[in-house]
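For reference, the structure discussed in these notes is given below.
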Amino acid sequence: MNHSVQKKENAFLKKFSRTDLLLLAVCLLFYLLFPIFDGPVWCKDSLSYAGKDISREPLYPMFLALMKVLDGAEISASGMMAAVIVQSLIAGFATWYAGYVVKKTKNESRVLQFATIGFQFAVSLLCRFAAIRSSVYIDCIMTEGVCLSLFVLFTVELYLCMITEKKRHIAAAMILSFLLFSLRKQMLITIIIMGAVFGWYYIIRSRKIRKFCALVLLMLLVLSAGKLLDRTYNYVVRGAWIEHCHNSMGFLCVLLYTSDVENDQNLFEDETLKTLYLDIMEQAEEEQILYDDAEPGWLPLAVHFADSYDAIGYGIINPVVEGYIGENFSYSEVEAALKYDEICGGMVSVLLRQEKGPLMQVWAYNIWRGFVNSIARATNLLSLYSLAAYLFVGAMAWYLIAQKKKLQNMMQQRPGVAEYENSIEQIGRSLTFMFIVLIAIAVNSLTVGLTIFTQPRYMLYSMGLFYAAGSMMLYDILRIELIKKRKPL
């Protein structure tokens, strides 16, 4: 990177035009309209966060407790206006910041800035007016109210890490990762995403092995800090130095869904676990919520699995296991939770030895549904659209890489041509942003697809960013075509 470009990078986040400030106001107002008209939305999971349930990560209950102090109201459907206003302000800033960074890194393009903001708006509008839930997540008393916005900021900061290598952006990405997985354990994917992106950039691309190792150590430190917060929170709230519990139940639901009771009951050596397993499977068979009860086809199976997941976990596993613990032990809340994890973890260890055919099929369909829900909505028609969209992005990337190589050859023949140098830089930025977004989609789809069900709520973190990155690539293609008309490559 030459001196002039470096100087520009050092300053590109420091100046705000009147239009930028106006857009910030528009973004904040757009997201504030939802709580103004809809108010706080109380969801199925809200009570567990408000009640500091032992199964929940620490940061969101802490956030709600703080909002209760600020709001001066009880944590209830009507008493959490402060929480959703703060969530809306975070969403507005994250949307504006994404658009601003895209503009500043893409030749001051207002079109791309408006497009990036518009795509984030569109995701919220779809959730509010097109989805069955008929509410935006920022209005909801649940972790997605904060996580969706923080994930946008995390992705943008990771992008800035790659194009500037500035320590402040690395620090920001690490801090956002810590906040995200302290809000929701699904967001441990941010550690995997950073590992993949840093590995690509510092091992494959720039061969800075020591820098990569230092970043890995930093990520481990961030992960340890999250575990420390979890334990400290539970020590303060419950007097127990433990992390949040009930982590095994989710994966147990997956294994029970594909289990064949006739064969798998013989895998159990512990009679207590076997009895509990048989009780659970008997109820699940009666309710027709197992693999054999699904209709044929990838989408019916994926939807049936998603519909069955909570029914197995909250409707059957919890009553059976918690009932057994309550009948046979006089445990405290913490002791009961630890025993619950021991039982569920024991069944997971056994059922991992089940015949893998149905399990692999459920995983494959569930993961593909995750890829679809990450950029659209899982229907047969939109799954074809999603496949076409991913292939189209791949084709654009192939074209841009080829054109970048041609421009680099031209630079060798005619060094110092600013237009060629700028185009090479711009192509690299677009490809980097899309690469990060696709890594995030892949990691999230694989992780969630293997451990839970890939409903839109868990998958739309990168939806707006995917289309923003695509618009950046299309911008570069159009720009290259204009250059080729004037100066054939």
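Treat the numbers as computed from the prediction; the structure is a model and nothing was measured.
- You'll find the side chain of Ile480 reaches within 4.5 Å of the side chain of Tyr399, heavy atoms only.
- The CG atom of Leu28 lies 9.5 Å from the CZ atom of Phe93; values are rounded to the nearest 0.5 Å.
- No side-chain donor from either of Thr116 and Lys103 sits under 3.5 Å from a side-chain acceptor of the other.
- Here the straight-line distance linking atom OG1 of Thr95 with atom CZ of Phe30 works out to 8.0 Å at 0.5 Å rounding.
- Not a single donor-acceptor pair under 3.5 Å links the side chain of Ser88 to the backbone N or O of Leu32.
- Asn318 places a side-chain heavy atom less than 4.5 Å from the side chain of Tyr340.
- Distance alone, capped at 3.5 Å, is enough to place a donor-acceptor pair between the Gln354 side chain and the Leu255 backbone.
- Pairing each heavy atom of Ile54 with each of Arg238, the nearest pair is N-NH2, 3.1 Å.
- A donor-acceptor contact shorter than 3.5 Å links the side chain of Ser471 to the backbone of Ala468.
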### Message
Before you tell me yes or no, could you show the steps for Asn444 and Tyr458 under side-chain hydrogen bond (donor to acceptor under 3.5 Å, both in side chains), namely the whole-Å CA-CA distance, both residues' side-chain angles and the distance that decides it to 0.1 Å?
### Response
CA-CA 8 Å; Asn444 194 35; Tyr458 303 143; over 6 Å; no
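- In this structure, the side chain of Tyr309 engages the main chain of Gly250 through a donor-acceptor pair within 3.5 Å.
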Side-chain atoms of residues 371-378: list all donor-acceptor pairs with protein atoms under 3.5 Å, sequence neighbours left out, distances to 0.1 Å.
residue: Asn373; atom: OD1; partner: Ala378; partner atom: N; Å: 2.9
residue: Asn373; atom: ND2; partner: Thr454; partner atom: O; Å: 2.8
residue: Ser374; atom: OG; partner: Gly370; partner atom: O; Å: 2.7

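- No side-chain donor from either of Ser182 and Tyr233 sits under 3.5 Å from a side-chain acceptor of the other.
- With hydrogens and angles disregarded, a donor-acceptor distance shorter than 3.5 Å links the side chain of Ser46 to the backbone of Ile141.
- Side-chain N or O atoms of Gln120 include none that pairs as donor or acceptor with a backbone N or O of Ser149 at under 3.5 Å.
- Annotation: Tyr365 is not in aromatic contact with His304 [ring centroid separation under 6.0 Å not met].
- Contact of the Phe435 side chain with the Met162 side chain is not registered, since no non-hydrogen atoms from C-beta on lie closer than 4.5 Å.
- Between Ile316 and Leu256, every side-chain heavy-atom pair lies at or beyond the 4.5 Å cut-off.
- Between the CD1 atom of Ile117 and the CH2 atom of Trp96 there is a distance of 9.0 Å, given to the nearest 0.5 Å.
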### Query
Which is it for Phe63 and Tyr49 under the ring-ring contact (aromatic ring centres under 6.0 Å, His included) test, yes or no, and what are the steps along the way?
CA-CA 10 Å; Phe63 168 72; Tyr49 293 113; over 10 Å; no
### Query
Would Ile90 and Ile138 satisfy side chain to side chain contact (heavy atoms under 4.5 Å, CB included), going step by step from the backbone distance to the final call?
CA-CA 9 Å; Ile90 295 172; Ile138 60 168; over 6 Å; no
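- Scanning both residues, Ala302 and Arg369, for their nearest heavy atoms gives CB-CD, 3.6 Å.
- Note that CG of Asp230 and CZ of Phe181 are 10.0 Å apart. Values are rounded to the nearest 0.5 Å.
- Between Phe34 and Tyr31, the angle of the ring planes lies from 30° to 60°, which puts this pair in the tilted group.
- Side chains of Ser17 and Arg110: a donor-acceptor N/O pair is present below 3.5 angstrom, by distance only.
- Scanning both residues, Ser430 and Lys106, for their nearest heavy atoms gives OG-NZ, 2.6 Å.
- Taking all atoms of both residues into account, the shortest heavy-atom contact from Gly470 to Met434 is N-CE, 3.3 Å.
- Under the side-chain contact (heavy atoms from CB on, under 4.5 Å) criterion, Phe392 pairs with Met396, sequence neighbours left out.
- Using a 4.5 Å heavy-atom cutoff, the side chains of Glu157 and Tyr97 are in contact.
- With hydrogens and angles ignored, the 3.5 Å screen pairs a side-chain donor or acceptor of Ser383 with a backbone N or O of Asn380.
- A donor-acceptor pair is defined here as one N or O able to donate and one able to accept, closer than 3.5 Å; no such pair exists between the side chain of Ser177 and the backbone of Ala173.
- At a threshold of 4.5 Å between non-hydrogen side-chain atoms, the residues Leu387 and Trp368 count as touching.
- Closest heavy-atom contact between Ala83 and Leu64: CB-CD2, 4.1 Å.
- Looking at Arg205 and Thr432, their side chains come closer than 4.5 Å, going by heavy atoms from C-beta outward.
- Of the possible donor and acceptor atoms, one in the side chain of Asn366 sits under 3.5 Å from a partner among the backbone N and O of Ile452.
- Between Arg56 and Asp45 there is a salt bridge, with a side-chain nitrogen of the basic residue lying less than 4.0 Å from a carboxylate oxygen of the acidic one.
- The side-chain heavy atoms of Tyr201 and Cys161, taken from C-beta on, include no pair separated by under 4.5 Å.
- With Phe466 as the partner, the ring pair (Phe, Tyr, Trp, His ring centres under 6.0 Å) test is satisfied by one option alone out of Phe119, Tyr461, Tyr390: Tyr390.
- Side-chain N or O atoms of Asp476 include none that pairs as donor or acceptor with a backbone N or O of Met473 at under 3.5 Å.
- Interatomic distance, CZ of Phe151 versus CZ of Arg184, reported as 13.0 Å (0.5 Å rounding).
- Between the NE2 atom of His246 and the CD atom of Glu322 there is a distance of 5.5 Å, given to the nearest 0.5 Å.
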